[in-house]
S.K.: 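Sharing a structure here in structure tokens format.
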Amino acid sequence: MNKFTKGVSLALALSMVLLSGCSDKDPSSGSSMTEEESSSMAAEIEAAKEAQRDMEVNFVQFSDLTTEDDIAVMETSMGTIKLRFFPEQAPKAVENFLTHAKEGYYNGLKFHRVFDDFMIQGGDPKGNGTGGESIFKDESGNPVPFEDEFSTDLWNFRGALSMANSGADTNGSQFFIVQAPTVSEDLLKQMEDVPFPTSVIAKYKELGGTPWLDWKHTVFGFVVDGMDVVDAIAAVKADENGMPQEDVIITSITVRKYNAEEDSVLKDGTSEESSSEESSSEESSSSAAA
């Protein structure tokens with residue numbers, strides 16, 4: 001992952017729909033297309049783009065939690081972050097993280113890359129971004145990376161928990177939490193041109209995030225409380241590679257089922273309690289200003 005890759009073309013896999021009806025028209029076949037065929041293909045491509053713009057997206061990241069849902073309570077040296085998971089869309093990534101968490105794999109590890117207005121990354125026992133392994137094994141019992149799990153239901157919005165990797169299908173133990181609070185107008189325009197689904201663009205505009213990482217990094221969880229802690233970690237002073245000058249440690253991760261009384265949260269990662277306090281504060285300020 002690179003903070004400065006925003007300028008490259010976005011990786012939303014147009015192949016999902018683009019040219020879906022044009023597979024029998026191969027420009028490498030040696031025969032040139034007639035003007036009518038060319039016009040027909042252009043129309044099909046535009047129709048495919050429109051279908052992608054209008055794609056119905058099930059925003060499971062903002063769906064209601066139930067008592068069957070797992071919550072990971074991540075205690076860090078800077079505060080608590082609570083995470084939810086999406087085993088239906090990313091079963092291996094969820095199993096990998098939760099198994100590591102339950103076995104204490106992440107305890108004592110540090111966030112080794114932090115960039116304000118971008119993300120925080122951890123999960124490497126070596127602490128430098130070169131280590132870590134998955135829970136999955138080959139026939140000889142050796143740990144092996146697992147494949148990417150992409151879904152149109154999950155996107156790298158602010159608060160997303162995603163797998164870090166070194167290329168396609170190289171997932172191990174490293175993860176990151178998206179912290180970027182905004183998406184630039186230039187990038188939003190690029191997303192319209194790709195095109196991303198219109199509803200997804202609107203959500204990125206509302207929440208922020210890192211859309212250039214979609215279809216490159218598996219999204220498998222989401223912050224339901226503690227984005228203030230994520231923001232604080234992202235703002236820690238770091239070197240040019242994002243290594244914090246003072247260690248930020250994951251002290252423990254406890255996995256349990258969702259409890260409405262303990263996990264009273266809004267869907268933007270802000271607790272209802274703090275939201276109410278902000279609302280009261282705003283009302284008081286408004287009254288005073290009036």
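Side chains included, hydrogens not; waters and symmetry mates left out as well; all remaining heavy atoms used.
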S.K.: Would you please name every residue forming a side chain to side chain donor-acceptor pair (under 3.5 Å) with Asn128, sequence neighbours left out?
M.R.: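 Checked Asn128 against side chain to side chain donor-acceptor pair (under 3.5 Å); matches are Thr130.
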S.K.: Would one find more than 12 heavy atoms of other residues, nucleotides or ligands at under 6.0 Å from atom NZ of Lys137?
M.R.: yes
S.K.: Check the side chains of Gln89 and Glu149 for a donor-acceptor pair under 3.5 angstrom, ignoring hydrogens and angles.
M.R.: no
S.K.: Testing the basics here: between Asp148 and Thr218, what is the closest heavy-atom pair and its distance to 0.1 Å?
M.R.: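 In this case the closest contact between Asp148 and Thr218 is CA-OG1, 3.5 Å.
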S.K.: Return the minimal non-hydrogen interatomic distance between Gly131 and Lys126, and the atom names on each side.
M.R.: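 Smallest interatomic distance, heavy atoms only, reads CA-CD, 3.8 Å.
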S.K.: Looking at Lys92 and Glu95, is any side-chain nitrogen of the basic one under 4.0 Å from a carboxylate oxygen of the acidic one?
M.R.: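 Looking at Lys92 together with Glu95, the answer is no, because their closest N to O distance does not fall below 4.0 Å.
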S.K.: Using a 6.0 Å cut-off, check whether atom CD of Glu88 has over 12 heavy atoms from anything other than its own residue.
M.R.: no
S.K.: Enumerate donor-acceptor pairs with a distance under 3.5 Å from any side-chain N or O in residues 233-241 to protein atoms, sequence neighbours excluded.
M.R.:
from   : atom 1 : to     : atom 2 : distance (Å)
Asp239 : OD1    : Asn241 : N      : 2.8
Asp239 : OD1    : Gly242 : N      : 3.1
Asp239 : OD1    : Met243 : N      : 3.0

S.K.: Can the positive tip of Lys216 be found less than 6.0 Å from the middle of the six-membered ring of Phe150, inside 45° of the ring normal?
M.R.: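 Not flagged: Lys216 not positioned over aromatic ring of Phe150.
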S.K.: Where does the angle between the aromatic ring planes of Trp155 and Phe196 fall among parallel (under 30°), tilted (30 to 60°) and perpendicular (over 60°)?
M.R.: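 Correct class here is tilted.
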S.K.: Holding to ring-ring contact (aromatic ring centres under 6.0 Å, His included), I want the full list of residues that pass it with Tyr105, two or more places apart in sequence or in another chain.
M.R.: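 Partners of Tyr105 under the ring-ring contact (aromatic ring centres under 6.0 Å, His included) test: His100.
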S.K.: Would a 4.5 Å heavy-atom cut-off, applied to side chains only, mark Tyr258 and Thr66 as touching?
M.R.: no
S.K.: Is there a side-chain contact between Pro211 and Val183, using heavy atoms and a 4.5 Å cut-off?
M.R.: yes
S.K.: Show every donor-acceptor pair shorter than 3.5 Å between a side-chain atom in residues 250-257 and any protein atom, with sequence neighbours excluded, or say none if there are none.
M.R.:
from   : atom 1 : to     : atom 2 : distance (Å)
Thr251 : OG1    : Glu75  : O      : 2.9
Arg256 : NH1    : Asp263 : OD2    : 2.8
Arg256 : NH2    : Asp263 : OD1    : 2.8
Lys257 : NZ     : Glu68  : O      : 3.3
Lys257 : NZ     : Asp70  : OD1    : 3.1

S.K.: How far apart are the C-alpha atoms of Asn171 and Asn96, what are their side-chain angles, what is the distance that settles it, and do they pass the side chain to side chain donor-acceptor pair (under 3.5 Å) test?
M.R.: CA-CA 10 Å; Asn171 300 292; Asn96 185 70; over 6 Å; no
S.K.: If you round to the nearest 0.5 Å, how far is CD of Glu103 from CD1 of Ile135?
M.R.: 7.5 Å
S.K.: If I compare all heavy atoms of Ala164 with all of Gln121, which pair ends up nearest, and what's the gap?
M.R.: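 So the minimum-distance heavy-atom pair works out to CB-NE2, 3.6 Å.
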S.K.: Looking at Arg53 and Glu46, does any basic side-chain N land under 4.0 Å from a carboxylate oxygen?
M.R.: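 Salt bridge between Arg53 and Glu46, a charged N being under 4.0 Å from a carboxylate O: yes.
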S.K.: Side-chain donor-acceptor pair under 3.5 Å between Asp231 and Gln179, yes or no?
M.R.: yes
S.K.: Looking at Ile81 and Gly226, what are the two nearest heavy atoms and their distance?
M.R.: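 Closest pair (atom of Ile81, atom of Gly226, distance): CG1-O, 4.0 Å.
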S.K.: Which word best sums up how the rings of Tyr204 and Phe157 line up, parallel for under 30°, tilted for 30 to 60°, or perpendicular for over 60°?
M.R.: tilted
S.K.: Could you tell me whether Arg113 and Asp124 have a side-chain N and a carboxylate O separated by less than 4.0 Å?
M.R.: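 Looking at Arg113 and Asp124, the cut-off is not met.
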S.K.: Which heavy atom of Asn165 sits nearest a heavy atom of Gly167, and at what distance?
M.R.: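 Closest approach of Asn165 to Gly167: OD1-N, 3.2 Å.
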S.K.: Identify the two heavy atoms, one from Gly132 and one from Ser173, that lie closest to each other, and give their separation to 0.1 Å.
M.R.: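 The pair with the smallest heavy-atom distance is CA-OG, 3.1 Å.
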S.K.: Just jot down the salt bridge (Lys or Arg N to Asp or Glu O under 4.0 Å) partners of Glu192, sequence neighbours excluded, or say none.
M.R.: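 Counting only residues at least two positions away or on another chain, Glu192 forms no salt bridge (Lys or Arg N to Asp or Glu O under 4.0 Å).
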S.K.: Is it true that Val230 and Ile249 fall in one hydrophobic cluster, defined by side-chain heavy atoms closer than 4.5 Å?
M.R.: no
S.K.: How many angstroms lie between atom CG of Leu161 and atom CZ of Arg84, to the nearest 0.5 angstrom?
M.R.: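 The CZ atom of Arg84 is 12.0 Å from CG of Leu161, to the nearest 0.5 Å.
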S.K.: Starting at CD of Gln174, measure out to OG of Ser134 and round the result to the nearest 0.5 Å.
M.R.: 12.5 Å
S.K.: For Phe220, enumerate each residue passing the ring-ring contact (aromatic ring centres under 6.0 Å, His included) test, keeping only those at least two apart in sequence or located in another chain.
M.R.: Phe97
S.K.: How many angstroms lie between CG in Leu65 and CG in Asn259, if you round to the nearest 0.5 Å?
M.R.: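 With rounding to 0.5 Å, CG (Leu65) is 11.0 Å from CG (Asn259).
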S.K.: Roughly how far, to the nearest 0.5 Å, is the CZ atom of Phe111 from the CD1 atom of Ile120?
M.R.: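 Between atom CD1 of Ile120 and atom CZ of Phe111 there are 4.0 Å.
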S.K.: Does Phe86 have its ring centroid less than 6.0 Å away from the ring centroid of Phe222?
M.R.: no
S.K.: What's the spacing between Thr170 OG1 and Met163 CE if we round to 0.5 Å?
M.R.: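 Going from OG1 on Thr170 over to CE on Met163, the span is 8.5 Å.
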